[in-house]
Q: 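Pasting a structure here, questions to come.
The structure displayed is predicted, hence computed values, not measured ones.
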Amino acid sequence: MATRESNEQASGTGRRALLGAAVLGAGGTVLGLGGTAGAVPNTGHGPARGRGRGLSGLPVPTIVGHRGASGYRPEHTFGSYQLALDMGADIVEAGDLVATKDGHLVCRHEPEIGGTTDVADHPEFAGRRTTKTLDGVQVTGWFTEDFTLAELKRLRAVERIPANRPHNTLYNGRWEIPTFEEALRWQDEQTRARGKQVWIYPELKHPTYFRKLGLGLEERVVGLLRKHRKDRGNSPVILQSFEPTSVRRLSKLVDNPLVVLLSDAASRPWDFVETGDPRTTADLVTPKGLKEIASYAQGIGPTLDLVIPRDASGRLTEPTTLVRDAHRAGLILHPYTMRNENPFLSAEFRKGSDPDAYGDVFGAYRVYFATGIDGVFTDNPDTGLLAREDFVNR
């Protein structure tokens, strides 16, 4: 999620779908959970075309493996996805989706792949290094849209933040870049092997950017979902994007549960910038803005700082009204991103200054869960599941 993840830095008439009906979902049996946090009651306003019904089978708070189990393996690899399932994650974020030159969808954090692959070690691709403007920011590196799928398959994934996760570098070069279609097939294989439904939560990255390149993401995503019969209201695929117009476009094409991602309050979604819409994220998280989102989506994915802001010293302050307001609008909330390492925690939960050391992340989970959020993205699914066990059995 790049700079949109504030806590990642080192310093449709939608209703709220009923979550928590099945405590023995993914991870519940392993942990022996005694119950789940109560879901907000159904508002009685049915979702357009039946969207979102499948969400009712997920435990609350839902633990989403962020790019897999990226606290332990290089992100967006089958090694990371597989480990997230093995740890018991309820959902795996299998796919930040970006496009290749020949129109395939691949799973990478960003279209720029210099930090997540070994492309710099391939002399045959040295001439592809370039500088582009991505959502108003100049970025230098190698971009997926300049490679065919066959060329990308010659690369291998590497750890994105080695300063915080030096242990993950052990796995550099082990896995290739997955395609979205491979992720959909993996989902089916894992569902059969485990005897329970595996859920995924792909994100469409920079839809406006790719549409201007003639590589529209929405139609490609929808085509694959239809091919694999996963475009329905009860399909185990939740779609998300930081661009509200992209989510609105998806709402007209598929019945899947949809989520609008929200960055820091002062930011503007890039599709708003491109179309001249003056609204910021702060406008979207007002009751009026949330009501509009609920007309075409079932949930929001805010930064944790939109749920509980931090003060100038990096400590948590009082929770905002976002959880209450979103629930009143009929929306679920899956904030991002919980991580175990000190730099990603608020100041009161850090232990020392070692950037690779773990802080009091269980204390942090306890505070966030108490706000009533419906789930959370985490790089460490095992930690999140233990924190949930603590919370629901407290």
Q: Quick one: pull up CD in Glu318 and CG in Asp311 and give me the separation to the nearest 0.5 Å.
A: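 Here the rounded value is 11.0 Å.
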Q: When Tyr365 is tested against each of Thr383, Asp390, Thr378 for side chain to side chain donor-acceptor pair (under 3.5 Å), which residue passes?
A: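 So the option named by the test is Thr378.
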Q: Answer yes if the side chains of Thr208 and Glu243 hold a donor-acceptor pair under 3.5 Å, and no otherwise.
A: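 Yes - a donor-acceptor pair under 3.5 Å links their side chains.
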Q: Look at atom CD of Gln138 and say whether more than 12 heavy atoms of other residues, nucleotides or ligands are closer to it than 6.0 Å.
A: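 Check fails, neighbour count at 12 or below.
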Q: Could you tell me whether the side chains of Thr148 and Asp102 share a donor-acceptor contact shorter than 3.5 Å?
A: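 No, because no side-chain N or O of Thr148 sits under 3.5 Å from a partner of the opposite role on Asp102.
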Q: Regarding Asn168 and Tyr72, do their side chains bring together a donor and an acceptor under 3.5 Å, going by distance alone?
A: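 No donor-acceptor contact under 3.5 Å links the two side chains.
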Q: Are the aromatic rings of Phe125 and Phe147 close, with centres under 6.0 Å apart?
A: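 Ring centres of Phe147 and Phe125 closer than 6.0 Å.
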Q: So, applying salt bridge (charged side-chain N to carboxylate O under 4.0 Å, His left out) with Glu145, which one of Lys205, Lys132, Lys101 is it?
A: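 Only one option passes, and that is Lys132.
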Q: I'd like a table of donor-acceptor pairs (distance under 3.5 Å, sequence neighbours excluded) in which one partner is a side-chain atom from residues 185-192, with atom names and distances.
A:
| from | atom 1 | to | atom 2 | distance (Å) |
| --- | --- | --- | --- | --- |
| Arg185 | NH2 | Glu181 | OE2 | 3.4 |
| Trp186 | NE1 | Gln82 | OE1 | 3.0 |
| Gln187 | OE1 | Lys230 | NZ | 2.6 |
| Gln187 | NE2 | Val198 | O | 2.8 |
| Gln187 | NE2 | Pro236 | O | 3.1 |
| Asp188 | OD1 | Lys230 | NZ | 2.9 |
| Gln190 | OE1 | Gln82 | NE2 | 3.1 |
| Gln190 | OE1 | Arg194 | NE | 2.8 |
| Gln190 | OE1 | Arg194 | NH2 | 3.2 |
| Gln190 | NE2 | Gln82 | OE1 | 3.3 |
| Thr191 | OG1 | Gln187 | O | 2.9 |
| Thr191 | OG1 | Gln197 | NE2 | 3.3 |
| Thr191 | OG1 | Val198 | N | 3.1 |

Q: Any chance you could measure Asp271, atom CG, to Arg268, atom CZ, to the nearest 0.5 Å?
A: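 Here the rounded value is 10.0 Å.
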Q: Going by salt bridge (charged side-chain N to carboxylate O under 4.0 Å, His left out), Glu341 matches just one of Arg165, Lys351, Arg350. Which one?
A: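 Passing option: Arg165.
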Q: So, taking the atom named CZ in Arg67 and the one named SG in Cys107, what distance separates them when rounded to the nearest 0.5 Å?
A: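 Nearest 0.5 Å value for the CZ-SG distance: 12.0 Å.
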Q: Decide whether Thr281 and Ser267 meet the rule of one side-chain donor and one side-chain acceptor closer than 3.5 Å.
A: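 Their side chains do contain a donor-acceptor pair, which is all the 3.5 Å distance test asks for.
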Q: Any side-chain heavy atom of Ile308 sitting closer than 4.5 Å to one from Thr320?
A: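 No, side chains not in contact.
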Q: Hey, do the aromatic rings of Phe377 and Tyr201 have their centres closer than 6.0 Å?
A: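 Aromatic pair counts; centres sit under 6.0 Å.
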Q: Any chance you could measure Glu348, atom CD, to Asp360, atom CG, to the nearest 0.5 Å?
A: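 If we round to the nearest 0.5 Å, Glu348:CD and Asp360:CG are 9.5 Å apart.
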Q: Considering only NZ, NE, NH1 and NH2 on the basic side and carboxylate oxygens on the acidic side, decide whether Glu219 and Arg211 come within less than 4.0 Å.
A: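 A salt bridge is present here (some side-chain N lies under 4.0 Å from a carboxylate O).
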Q: Hey, does the side chain of Arg73 reach the backbone of Ala69 with a donor-acceptor pair shorter than 3.5 angstrom?
A: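 No, the answer is negative, given that no donor and acceptor are paired below the 3.5 Å cut-off.
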Q: Kindly compute the distance separating CG (Leu261) from CZ (Phe242), expressed to the nearest 0.5 Å.
A: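 The CZ atom of Phe242 is 4.5 Å from CG of Leu261, to the nearest 0.5 Å.
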